[in-house]
Amino acid sequence: THCRVYVNGCYMLTNECGYTSFEVDITDVVDFGAENVVAVYVDTSEHEGWWYEGAGIYRHVKLYIKEPVHIAHNGVFVKTVKNDDAWTVCVETEVENSSYEDRQAFVKVKLCDGAETVAESISDGITAEKSGITKVRQCFTVDNPKIWDVETPNLYTVEISVISEGEQTDSVTEKTGFRTFRIDAEKGFFLNGRSLKIKGTCNHQDHAGV
């Protein structure tokens, strides 16, 4: 729940919620080539739920090593929109520049079906502002893609790459699918234009006295 993160004795960040992920940029305090100490102080005197929530680190912790010009953490958003028989794929990428000077960059996007490239796009040259994030939006059209459905859950791969000063400095791979859905107040849920009954339960923590 409430935790404070320290690296090499330097306070880095406080996270107030045990249900949300967070990231810490430790570049400025890392001693490269030497031993580094990461300390996490957890305060469990208060809790967010009425049940016992546990304490300590019990989720994945990952170390990301990036070039100065890279894709921001969780910085990719992919959206597919149907237009008659064709579909528009829009990819929004947050390019982060951690250096202290502006850098020139491109963003390359590929939509793949297995090993086959279905479509690709490369952005105009952008100026990745120093110590900041630059958003890049790219859209392209795909004709008659394989539709995602409960019986045929077809998925495509989206490869996003950042190219700066002639070199690829970062890449991210995401999955996406093509499907439509709508909810009608009288007729219920529709997936790809057909009625679909949603079956299941929401099993959260059962109340102790019920």
Asks: Is there a path from Met12 to Val30 through hydrophobic residues (I, L, V, M, F, W, Y) whose side chains come within less than 4.5 Å of each other?
Replies: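 They do share one cluster, since a chain of ILVMFWY contacts under 4.5 Å joins Met12 to Val30.
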Asks: Please report the shortest heavy-atom distance between Ala119 and Val142, naming the atom on each side.
Replies: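 Closest heavy-atom pair between Ala119 and Val142: CB-CG2, 4.4 Å.
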Asks: Between Ser171 and Thr173, does the side chain to side chain contact (heavy atoms under 4.5 Å, CB included) criterion hold? Intermediate values first, please.
Replies: CA-CA 7 Å; Ser171 64; Thr173 300; 5.9 Å; no
Asks: Report the distance from atom CD1 of Ile183 to atom CD1 of Ile198, rounding to the nearest 0.5 Å.
Replies: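 Those atoms lie 6.5 Å apart.
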Asks: As an exercise, state the distance from CG of Asp143 to CH2 of Trp87, rounded to the nearest 0.5 Å.
Replies: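 Rounded to the nearest 0.5 Å, the CG-CH2 separation comes out at 12.5 Å.
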Asks: Under a 4.5 Å cut-off applied to non-hydrogen side-chain atoms, are Asp149 and Leu191 in contact?
Replies: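 They are in side-chain contact.
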Asks: OG1/Thr14 to NE2/His2 distance, rounded to the nearest 0.5 angstrom?
Replies: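 If I round to the nearest 0.5 Å, the distance is 10.5 Å.
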Asks: Does Glu186, at its CD atom, have more than 12 non-hydrogen atoms belonging to other residues, nucleotides or ligands within less than 6.0 Å?
Replies: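 12 or below, so no.
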Asks: Give a yes or no on whether the backbone of Gly132 and the side-chain of Asn97 come within a donor-acceptor separation of less than 3.5 Å.
Replies: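 The answer is no, because no donor-acceptor pair under 3.5 Å joins these two groups.
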Asks: Please confirm whether the backbone N or O of Asn36 pairs with a side-chain atom of Asp31, one donor and one acceptor, at under 3.5 Å?
Replies: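 Between the backbone of Asn36 and the side chain of Asp31 there is no qualifying donor-acceptor contact (under 3.5 Å).
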Asks: Please answer whether the main-chain N or O of Ala86 pairs with a side-chain N or O of Asp84 as donor and acceptor at a distance below 3.5 Å.
Replies: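 Looks like no, no N/O pair under 3.5 Å.
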Asks: For the backbone of Lys130 and the side chain of Asp102, can you confirm whether one donor and one acceptor N or O come within less than 3.5 Å of each other?
Replies: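 Yes, Asp102 side chain to Lys130 backbone: donor-acceptor pair under 3.5 Å.
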Asks: When hydrophobic residues are tied together by side-chain contacts of less than 4.5 Å, even through go-betweens, does Val78 share a cluster with Phe181?
Replies: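 Result: no, two separate clusters.
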Asks: Check this for me: Asn83, atom CG, are more than 12 non-hydrogen atoms of other residues, nucleotides or ligands nearer than 6.0 Å?
Replies: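 Yes, CG of Asn83 has more than 12 neighbouring heavy atoms, counting only those of other groups under 6.0 Å.
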Asks: Evaluate Ser131 against Tyr100 for side chain to side chain contact (heavy atoms under 4.5 Å, CB included), listing each step before the verdict.
Replies: CA-CA 6 Å; Ser131 302; Tyr100 298 115; 3.7 Å; yes
Asks: Considering non-hydrogen atoms only, spot the tightest contact between Asn15 and Leu13 and give its length.
Replies: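 Scanning both residues, the minimum pair turns out to be N-CD2, 3.9 Å.
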Asks: Quick one: are Lys175 and Thr157 in side-chain contact, heavy atoms under 4.5 Å?
Replies: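 Yes, side chains in contact.
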Asks: What do the steps show when you test Val118 against Tyr156 for side chain to side chain contact (heavy atoms under 4.5 Å, CB included), and what is the final call?
Replies: CA-CA 9 Å; Val118 177; Tyr156 289 74; 4.0 Å; yes
Asks: Side chain to side chain donor-acceptor pair (under 3.5 Å): which pairs involve residues 37-46, sequence neighbours left out?
Replies: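 Every pair satisfying side chain to side chain donor-acceptor pair (under 3.5 Å) with a residue in residues 37-46: Asp43-Ser45.
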Asks: Hey, does the side chain of Thr127 reach the backbone of Arg103 with a donor-acceptor pair shorter than 3.5 angstrom?
Replies: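 Checked: no pair found.
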Asks: Please give me the minimum heavy-atom distance between Val40 and Cys3, naming the atom from each residue.
Replies: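 Here Val40 and Cys3 meet closest at CG1-CB, 4.0 Å.
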Asks: Do Ser164 side-chain atoms and Gln104 backbone N/O form a donor-acceptor pair below 3.5 Å?
Replies: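 Yes, the answer is positive, given that a donor and an acceptor are paired below the 3.5 Å cut-off.
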Asks: Does the side chain of Leu111 come within less than 4.5 Å of Thr176's, by heavy atoms?
Replies: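 Sidechains of Leu111 and Thr176: in contact.
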Asks: With a sphere of 6.0 Å drawn around CD of Glu129, does it hold more than 12 non-hydrogen atoms of other residues, nucleotides or ligands?
Replies: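 No - once you tally the heavy atoms of other residues, nucleotides and ligands closer than 6.0 Å, there are 12 at most.
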Asks: Any chance you could measure Phe189, atom CZ, to Arg194, atom CZ, to the nearest 0.5 Å?
Replies: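 The CZ atom of Arg194 is 9.5 Å from CZ of Phe189, to the nearest 0.5 Å.
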Asks: Can you list the steps and then say if Val158 with Val109 is a side chain to side chain contact (heavy atoms under 4.5 Å, CB included)?
Replies: CA-CA 7 Å; Val158 183; Val109 174; 3.9 Å; yes
Asks: Does the ring center of Phe178 lie less than 6.0 Å from the ring center of Trp148?
Replies: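 For Phe178 and Trp148, the ring centres are not under 6.0 Å apart.
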Asks: Return all side-chain donor-acceptor pairs below 3.5 angstrom for residues 54-69, not counting sequence neighbours, or 'none' if the list is empty.
Replies:
unit_1: Tyr58; atom_1: OH; unit_2: Glu53; atom_2: O; d: 2.8
unit_1: Lys66; atom_1: NZ; unit_2: Asp170; atom_2: OD1; d: 3.2
unit_1: Lys66; atom_1: NZ; unit_2: Asp170; atom_2: OD2; d: 3.0

Asks: Pairs in or reaching into residues 109-123: which pass side chain to side chain donor-acceptor pair (under 3.5 Å), with residues at least two apart or in two chains?
Replies: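 Checked against side chain to side chain donor-acceptor pair (under 3.5 Å) - neighbours excluded - the pairs reaching residues 109-123 are Asp113-Lys146, Ser121-Gln138.
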Asks: How close do Val150 and Pro153 get, counting heavy atoms only, and between which atoms?
Replies: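 For Val150 and Pro153, the tightest heavy-atom pair comes out as O-CD, 4.2 Å.
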Asks: With side chains defined as the heavy atoms from C-beta onward, is the minimum distance between Val5 and Phe22 less than 4.5 Å?
Replies: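 Val5 reaches Phe22 side chain to side chain.
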Asks: Would Glu174 and Lys79 pass as an ion pair if we require N to O under 4.0 Å?
Replies: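 Salt bridge between Glu174 and Lys79, a charged N being under 4.0 Å from a carboxylate O: no.
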Asks: Is there a donor-acceptor pair under 3.5 Å between the side chain of Glu48 and the backbone N or O of Gly18?
Replies: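 A pair under 3.5 Å: yes.
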Asks: Can you tell me how far CG of Asp124 sits from CZ of Phe106, rounded to the nearest 0.5 angstrom?
Replies: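 Here the rounded value is 8.0 Å.
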Asks: Does Glu167 have more than 12 heavy atoms from other residues, nucleotides or ligands lying within 6.0 Å of its CD?
Replies: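 Open.
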Asks: Any side-chain heavy atom of Arg137 sitting closer than 4.5 Å to one from Val91?
Replies: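 Side chain of Arg137 against side chain of Val91, heavy atoms only: no contact under 4.5 Å found.
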Asks: Count I, L, V, M, F, W, Y as connected when their side-chain heavy atoms are under 4.5 Å apart, and connections chain through other members. Are Ile126 and Phe140 then in the same cluster?
Replies: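 Linked, Ile126 and Phe140 end up in one cluster.
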Asks: Where the side chain of Asp184 meets the backbone of Phe190, is there a donor-acceptor pair that is under 3.5 Å apart?
Replies: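 Checked: no pair found.
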Asks: Look up atom CZ in Arg4 and atom CD in Glu16, then write down how far apart they are to the nearest 0.5 Å.
Replies: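 Output value for this atom pair is 9.5 Å.
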Asks: Is there a side-chain contact between Val107 and Val95, using heavy atoms and a 4.5 Å cut-off?
Replies: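 Side chain of Val107 against side chain of Val95, heavy atoms only: contact under 4.5 Å found.
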Asks: Is it the case that Ser195 and Lys187 place a side-chain donor and acceptor less than 3.5 Å from each other?
Replies: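 No, Lys187 and Ser195 have no side-chain donor paired with an acceptor closer than 3.5 Å.
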Asks: For residues Ile133 and Ala72, report the shortest heavy-atom separation together with the two atoms involved.
Replies: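 Answer, listing the atom of Ile133 first, then Ala72: CD1-CB, 4.2 Å.
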Asks: With the 4.5 Å side-chain cut-off for hydrophobic clustering, are Val37 and Val7 part of the same group?
Replies: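 Unlinked, Val37 and Val7 end up in two clusters.
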Asks: Would a single hydrophobic cluster contain both Val24 and Val38, if residues Ile, Leu, Val, Met, Phe, Trp and Tyr are joined by side-chain heavy-atom contacts under 4.5 Å?
Replies: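 Yes; tracing contacts between hydrophobic side chains, which count when under 4.5 Å, links both residues.
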Asks: Is a donor on one side and an acceptor on the other found under 3.5 Å between the side chain of Asn192 and the backbone of Thr180?
Replies: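 Yes; judged by distance alone, with no hydrogens or angles, the pair exists.
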